[in-house]
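First the structure, in the form of structure tokens, and then the observations on it.
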Amino acid sequence: STMLEVSGLTHQYGRGERAHVAVRDLTFTIEAGQLACIVGPSGCGKSTLLRCISGLIPATGGSVRLHGDEVSGVPDDLAVVFQDYSRSLFPWLTVAKNVEFPLRWQQVSKADRRRRAAEVLESVGLAGVGKKYPWQLSGGMQQRVSIARALVSRPALLLMDEPFASVDAQTRGELEDLTRRVQRDLGSTILLVTHDIDESVYLADRVLVLSKSPAAIVADLTIDLPAE
Ligand code: ADP
Ligand code: ADP
């Protein structure tokens, strides 16, 4: 079934002489369970596109539908992982409290919050670090915490904006493997944005290639690997 439907999406920053069209008339759909990458050159509008899908900024044209419902505002069955993990975690909260945080806005008891945070930390390979603070962890581990926090509310769609761009090559490989495991084991639908075509082909089962700004979709590839 279709998870995400983007139709004629346009976003313009500013008005009048300062107007800048960052995304123009983009249309595509993502199927449930897919790990899709959007790849394109720096500045082509990828982050803007993700911000529109996540409801962080309003589209100035077109529409975004998440399993059939029009997105307006930030939907609660969608989660985002950003490149800059060091600014996205709360430094005054422990890792466990960071991961529990999104559940505070849902009707989840304290005991269940704790249990779910511990479970999801274990699933990203961070069992036992819940009592530490983010600054006590390596960059790669901090990004795992961000991924855990995104997953804790069991989002229908996980958006990732250049999630591996700030970590070293080895850590990147580990996080890529983690992302594929999340898709496979949790059945998550993931839309990941990157400027790295290599990464997109390695990771995804669908790759949408964007041209330079304002981007058009210049290729839509299905990566169909033989069974392992
Ligand atoms: P990408 O993520 O592909 O690098 P962005 O979505 O960040 O691209 O940016 C697309 C275009 O929009 C770029 O030309 C960028 O300079 C511009 N842009 C991004 N954010 C803003 C903003 N807040 N105000 C004005 N222009 C912006
Ligand atoms: P990325 O390529 O990772 O999307 P950018 O370097 O394009 O990041 O942008 C970094 C930040 O600066 C973003 O928050 C973006 O909104 C903002 N930004 C980018 N271009 C502009 C611009 N022309 N005017 C105002 N803000 C901008």
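Atoms within a ligand are numbered from 1 in the order they appear, just like the ligands themselves. FYI, the numbering just counts along the sequence from 1. None of the values given here were measured: they were computed from a predicted structure.
Look at G43 and you'll find a heavy atom under 4.0 Å from some atom of ligand 1. The shell of residues lying under 4.0 angstrom from ligand 1, judged by heavy atoms, includes C44. Look at P41 and you'll find a heavy atom under 4.0 Å from some atom of ligand 1.
The contact set between ligand 1 and S47, taken as ligand atoms under 4.0 Å from a residue heavy atom, comprises 1 (P), 2 (O), 6 (O), 7 (O). Within the listing of ligand 1, atoms 10 (C), 11 (C), 12 (O) sit less than 4.0 angstrom from a heavy atom of A22. Of all atoms in ligand 1, listed by their number and element, those nearer than 4.0 Å to a heavy atom of S42 are 4 (O).
Between R180 and E176, no side-chain nitrogen of the basic residue sits less than 4.0 Å from a carboxylate oxygen of the acidic one, so the salt-bridge criterion is not met.
In the displayed structure, D185 atom CG is contacted under 6.0 Å by more than 12 heavy atoms of other residues, nucleotides or ligands. Atom CZ of R24 has 12 or fewer neighbouring heavy atoms from other residues, nucleotides or ligands inside a 6.0 Å radius.
Side-chain contact of S146 with Q143: a donor-acceptor pair under 3.5 Å is present, judged by distance alone. E199 and T194 form a side-chain donor-acceptor contact under 3.5 Å, judged by distance and modelled atom types alone.
Distance OG1/T48 to NE2/H20: 7.5 Å, rounded to 0.5 Å.
In H20, the part holding a heavy atom less than 4.0 Å from any atom of ligand 1 is the side chain.
With atom 3 (O) of ligand 1 as the reference point, the heavy atom nearest to it among H195, K46, H11 is part of K46.
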